[in-house]
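Notes follow the structure.
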Amino acid sequence: VTAALLFVLVSSCVANSVDTSASQDIGRIDCSSRRGFGECRSLGPDCSQSEVTNDAGQQVVRVTFPMKQHIVSFPCSDGFKQPPLVLPTIVGGDNTKLYSTSTHTITKSGFSVNVQRVDDVDEPNMDCTELR
């Protein structure tokens, strides 16, 4: 890959980023001649909740933080000329949680990202947080 073919999409929440979360059709941009842009998009909660019965026979909510895979489409009308370099940054509502990300299946029109909570502390925050 040469520098001429290197495109960058920084998926971060910054003031001058493109916000396309309202609709799939609104905010479409021409990416064919762009080198990159920033976008902030909601990915959903960082946890899974399920109702289970504990040892005392009570119904309780079990909260887990599994790795979640998210499929993200670029807000481009026709996609990039080449698959871009994607640098995801996870922003949660609670800054005491630590997340790890990995990308795969990067195409001209979108990508997949894995998000995993990885903090390991004595008293973890077990509240669900919306990820962006």
Side-chain angles (χ1 to χ4, degrees):
V1 177
T2 65
L5 298 176
L6 183 62
F7 294 94
V8 178
L9 171 74
V10 179
S11 178
S12 61
C13 298
V14 293
N16 61 352
S17 65
V18 177
D19 184 6
T20 59
S21 58
S23 168
Q24 292 286 19
D25 297 326
I26 297 174
R28 303 301 279 182
I29 58 177
D30 180 16
C31 297
S32 61
S33 63
R34 293 183 71 101
R35 295 195 60 181
F37 61 88
E39 178 186 34
C40 187
R41 183 180 299 189
S42 176
L43 294 176
D46 64 350
C47 70
S48 294
Q49 298 178 345
S50 59
E51 231 177 78
V52 297
T53 304
N54 65 11
D55 294 338
Q58 302 167 323
Q59 289 291 101
V60 295
V61 175
R62 180 178 180 203
V63 178
T64 58
F65 296 90
M67 182 191 72
K68 291 189 172 187
Q69 183 179 76
H70 303 278
I71 298 172
V72 179
S73 297
F74 297 132
C76 304
S77 52
D78 294 324
F80 287 96
K81 284 186 180 181
Q82 299 290 328
L85 172 64
V86 178
L87 304 170
T89 301
I90 299 299
V91 176
D94 181 357
N95 64 2
T96 64
K97 297 179 183 178
L98 178 63
Y99 300 96
S100 176
T101 63
S102 62
T103 57
H104 62 92
T105 318
I106 300 171
T107 67
K108 296 175 187 179
S109 60
F111 66 98
S112 294
V113 63
N114 296 320
V115 179
Q116 173 73 59
R117 182 176 173 183
V118 294
D119 58 301
D120 186 15
V121 294
D122 292 333
E123 295 181 27
N125 179 344
M126 297 302 288
D127 293 331
C128 295
T129 302
E130 186 75 15
L131 295 177
R132 294 175 52 149

If you draw a 6.0 Å radius around CG in D78, do more than 12 non-hydrogen atoms from other residues or ligands fall strictly inside? no

Check the surroundings of atom CG in D120: do more than 12 heavy atoms from other residues, nucleotides or ligands lie under 6.0 Å from it? no

Heavy atoms only: give me the nearest T107-F74 pair and the separation to one decimal. O-CE1, 3.4 Å

Do L43 and I90 touch side chain to side chain, with heavy atoms closer than 4.5 Å? yes

Which atom names give the shortest non-hydrogen contact between P75 and R41, and what distance separates them? CD-NH2, 4.0 Å

NE2 (H70) and OG (S112) are apart, to the nearest 0.5 Å, by 10.5 Å

For a 4.5 angstrom cut-off between non-hydrogen side-chain atoms, does F80 reach I106? no

Taking K68 for the side chain and C47 for the main chain, is one N or O donor matched with an acceptor at less than 3.5 Å? yes

Can you give me the closest heavy-atom contact between D127 and D46, atom names plus distance? O-OD1, 4.3 Å

Closest approach of R117 and Y99, non-hydrogen atoms and distance? CA-CD2, 3.8 Å

Can you measure from OG1 (T101) to CG (L87) and round to the nearest 0.5 angstrom? 9.0 Å

With clusters defined by side-chain heavy atoms of hydrophobic residues (ILVMFWY) lying less than 4.5 Å apart, directly or transitively, does V118 cluster with V121? no

Without swapping roles, check the side chain of T64 against the backbone of P66 for a donor-acceptor pair under 3.5 Å. no

When rounded to the nearest 0.5 angstrom, what is the spacing between CZ in R62 and OG in S48? 10.0 Å

Shortest non-hydrogen pair, E130 vs S42, comes out as OE2-OG, 2.5 Å

State whether a side-chain donor-acceptor pair under 3.5 Å links D30 with S77. no

Can D119 and F65 be said to form a side chain to side chain contact (heavy atoms under 4.5 Å, CB included), step by step? CA-CA 11 Å; D119 58 301; F65 296 90; over 6 Å; no

Could you tell me which non-hydrogen atom of R28 sits nearest to which non-hydrogen atom of C76, and how far apart they are? NH2-O, 2.7 Å

